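In what follows, every chain begins at residue 1, and chains take the letters A, B, ... in the order their sequences are listed. In this text, all values refer to a predicted model and were calculated from it rather than measured experimentally. The basis for the numbers below is simple: all heavy atoms, side chains too, and nothing from hydrogens, waters or symmetry mates.
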Amino acid sequence: MIKLQHIERCYPLAKEKFFYVLREINLEVQEGDFVSIMGPSGAGKSTLLHILGMHDHGWTGEYFLDGTATHHLKPKERATLRNKQIGFVFQQYHLLDDLTVYENLDIPLSYRRYRTSERAALVADMLDRFQIVGKKDLYPHQLSGGQQQLVGVARAIIARPKLLLADEPTGNLHSSQGEEIMELFRKLNNEGMTIVQVTHSERNASYGKRVVQLRDGWIVKGDQ
Amino acid sequence: MFEELWQDVRYGARILLKSPTYTGIAVAALALSIGANTAVFSAVNTLLLRPLPLKNLDQLVLSQALREGFDPYESSLLELQAYQERSHSFESIGAARQRSFNLIGRGEPERIRGASIMADYLTTLGVKPVLGRSFTAEDDRPGGAAVALISHSLWQKHFGGKADIIGETLNLEARTYTIIGVMPPGFDVPAAAAIWVPMQINIASLPLTQRAVPSCEVVARLRLGISLKQADAEAKSIARQLEQEFPQFRRGWTVKLLWLRQALLGDYAGRVNKALVALTGGVAFLLLICCANVANLQLARGIARTRELALRRALGASRSRLVRQLLTESMLLALLGGAGGLLLAHWILPLLAVINPVQGVSLAGFFHEFRIDNRVLIFAFCVTLATGVIFGLVPALKGTGEREVMPSLRQGDQRSASAPGHGWLNILIVAEIAVAMTLLVGGGLIVRSFNRLQRVDLGFRPDHLLTLKMVLPESKYSEHRQRVAFVNQVLERLKNLPGVVSAGTTTNIPLEREIAYDARFSVEGRSPRNPNDIPITSHRLVSPDYLKTLGVTLLKGRLIEETDRAGQPPVVVISEQLAREAWPGEDPLGKRIKRVRPGQDFPWMTVIGVIRDVKEDLFNYRVNRPVWYVPYAQLENNFPVNLVVRTSDDPSSVTTAIREATRAVDPDQPISDVMTMNQNLARVLVTERFSAILMSVLAAAGLLLAALGLYGVMAYSVSQRTTEIGVRVALGAQPIHVLRLILGQGAKLTLLGIAIGLTAAWGLTRLLASLLFEVNATDPATFVSISLLLVSIALVACFLPARRALAVDPMVALRYE
């Protein structure tokens, strides 16, 4: 599903000096896998996840997604590929404050130009599946953190991505809410969805199938 | 597609409603500038574009005679005849003479404006009566029937609009005229005429002296395909031929053709047109300032919405989709602003109509009706859409331009002075100040010029003066001695009225919008230095007390007295300018001067007094023109008589008493146009006042918007730099350092904007040169004072946010980290 070779990410410092966030990342993720990326703060976990999610374009190396060499694609082509293949869950939920739950779920479909009837069916299905039909007209600030993240996950998978990326999805939730989300991830993985999550929690990592450890931008345990 | 658009509109509306303060400020600024644009365009529409009740107006021209190439006069029958015989540019030509009639027998005697016209006049204008028929060649022949056309309003007022009006009679000047038609509503050309009678002359049989008198309004319809320039060139060539054929009458005279619409506005110098162009430029500048302001607000909000936009991109939105969404929000704002602008324009328009720049008296119903019609609505809509795109595009492109989603998402709502768009905020505020500077300098020059014009020495005291008009009918006052007797009796009665200080009569009230009488003069013992010079003076026939009543300043000699009556040696009081022209460097007292007219001999008049220059002629207000005052009794004439009365209290309080005193002398003699001298004078500078008021309002609005814009940017900057300021204070910065930091940033932007604005103003204000009076287009005083004003306002705008910066508590500020 994913193949990274010699991925590096750096930021310019003073004259011709660079600060490396990621060094020589080589990683393979098979379809149906559930990988947890772990490591201390500043290790480069989130950066790696955003590179996988094609939110970040300033890296070097090779990145194959489902056989497509994304490193040869232009940003616009990457965006198209991302819209087709990837869903993303954020630690801060990042729901759009001015949209209702229904509209938050609808917006990715609207950006992907789904037909109205199809969008309505998919949103209704997702509301039903996540048991949040009663909350469809509420705004994010009217939901608890767990409910917001539930919507965040629903929004991430509504366009039926093959790959779900999650950046510390339970970081802002208390433990029972966190477990609920992780159970959901396990269920999605069991249904065939490939998942890559960034987490600090050993417990959350245990829901996955394997762990990749990062430190100072290097993979110190895993697929190196 | 429509669904997506509808979705964008719904989200946009929700976002605008969520920030009522931002939305309110932006909509108010937009409403102000779109409203100003709409109001000024409606003035342009009313004065220059809207159809008038004349057929194919864009083919109609008026011929104007020019003495020495600049001094405007009406045309003569000589020119009319020459055009008819020699011109190839005109499809048809017509002529009219302004007249006024005393209407008797229908209630109180009334003086009514009218005209004697040739049959071709109305066909040239393309106007037909709505009832009855127009004049035929048979009506217009000498000795033809006494027939008349009446205006729609006269028909309504005096005949109650009755259908069988045709064949009714009117008693005008003691002659009975049969009404043959009623003209269309609103039509009153020339000179607010309400009654038209046929001219009934045979030009060829008139003596040359009569044909040469410039007393006709000649209108012509251009042939299709003939431009004004071509026709004007031909008319000038004909004028040169006339000069050669009749040098005794035509030497030094030329002609000029101008569009009839311009003439109807009374805009012979083209100032209304130029003023409207300047104002259109002014409102366009205001709109630019507003766009920059709202764009800045949008940019600042865009920076605050970085997370939202990044998230939308992360969720799959393409850049074009985000641009469209942001532009939809801008359009919603613009449409709200446009609606507010229309409302504002609706309120402003009656005020504009009050300060209307129109000097003409005809078609007042059309030229004074400033309203929002379909054309204005379309204009407002287009301006609104353009405004939405202009102020929305930069923020939309900047807000969606960043490709990296991750840093924005990570950054979240954190404050960052280095967020994208800050450079644009500065660029826009500098541009805004530069445009405001240009607008202010333009407004400053026009206001300064207007002040100079207002302070022009009139040569008399206009306060406590009442003016009234009378035309003595030829039928009743056929002999000059009868007219003199009437004038004397009326003045005698007026002098004894309580509240009246003195009273006099003149043949023209200073600066009135009527035909002003002039005379060519000859100085005893001298011939003109240049044979092409036409020495002309304003020609006023006045009663003994007139000059004292007017309040002129006697420089030497004496004024006209009761003893300067008929049969006594002819005398004249002259102005300084006439003294300078006739006897340069000499004392004119006791010297002799006389009126010259081919075929007529006038007596030599002895100069008995010299007065300071009096502004007598409306069209030469900006220059001093010679004027002489001749005793009314000493020179036979049938000019209208105007009463001028100086009062001790409010001049209008004696109106009724004056009417009664006049009626006691002649119960059939109507009085019209009762006005105070100040009311008369208010109409002199209408165009200049219109420009000055509007430009100063626009400039003030521009200044306010620019100051608000600068304040907004500085306040935003301070809020973004709270942490930095907190750190600085924690490190020991004193209030003065913080103040210097903030004011310095504002001052840099302001000074850069002023420098650019000064350069732009230096180039653009030259276009205003022809509108200015005694003020240079690059007047250093205006440039410097406006710069200082803008700096002061900018400092105030920066000081308020700076004060907030001074209040920053390092503990609180550093919590942002």
Validation row, ring centre Phe88(A) to ring centre His94(A) under 6.0 Å: no
Flag for Thr70(A)-Thr68(A): side-chain donor and acceptor within less than 3.5 Å: no
Residues 14-29 of chain B: residues contacting chain A (heavy atom under 4.5 Å, by number): Arg14(B), Ile15(B), Lys18(B)
Portion of Leu95(A) that has a non-hydrogen atom of chain B nearer than 4.5 angstrom: backbone
pair Tyr11(A)-Val21(A): side-chain heavy atoms closer than 4.5 Å: yes
Residue-level interface, residues 131-152 of chain A with chain B, non-hydrogen cut-off under 4.5 Å: Tyr139(A)
Residue selection (most heavy-atom pairs with chain A, distance under 4.5 Å) from Glu308(B), Arg312(B), Gln7(B): Arg312(B)
Leading residue by heavy atom contact count with chain B [cutoff under 4.5 Å; candidates Glu103(A), Lys76(A), Arg112(A)]: Glu103(A)
Aromatic ring pairing Phe34(A)/Phe185(A), orientation class (parallel under 30°, perpendicular over 60°, tilted between): tilted
Portion of Arg10(B) that has a non-hydrogen atom of chain A nearer than 4.5 angstrom: side chain
Glu168(A) and His200(A): side chain donor to acceptor below 3.5 Å: yes
Residues Lys3(A) and Glu31(A) bridged, charged N to O under 4.0 Å: no
Trp59(A) and Leu22(A), any side-chain heavy atoms less than 4.5 Å apart: no
Under 4.5 Å from a heavy atom of chain B, the part of Arg119(A) involved: side chain
Leu214(A) vs Leu48(A) side-chain heavy atoms within contact, under 4.5 Å: yes
Between Asn204(A) and Thr170(A): side-chain donor-acceptor atoms closer than 3.5 Å: yes
4.5 Å side-chain heavy-atom contact, Gln85(A) and Pro161(A): no
Heavy-atom check, side chain of Ser330(B) versus side chain of Phe391(B), under 4.5 Å: yes
Side-chain ion pair, Arg321(B) and Asp8(B), N-O less than 4.0 Å: yes
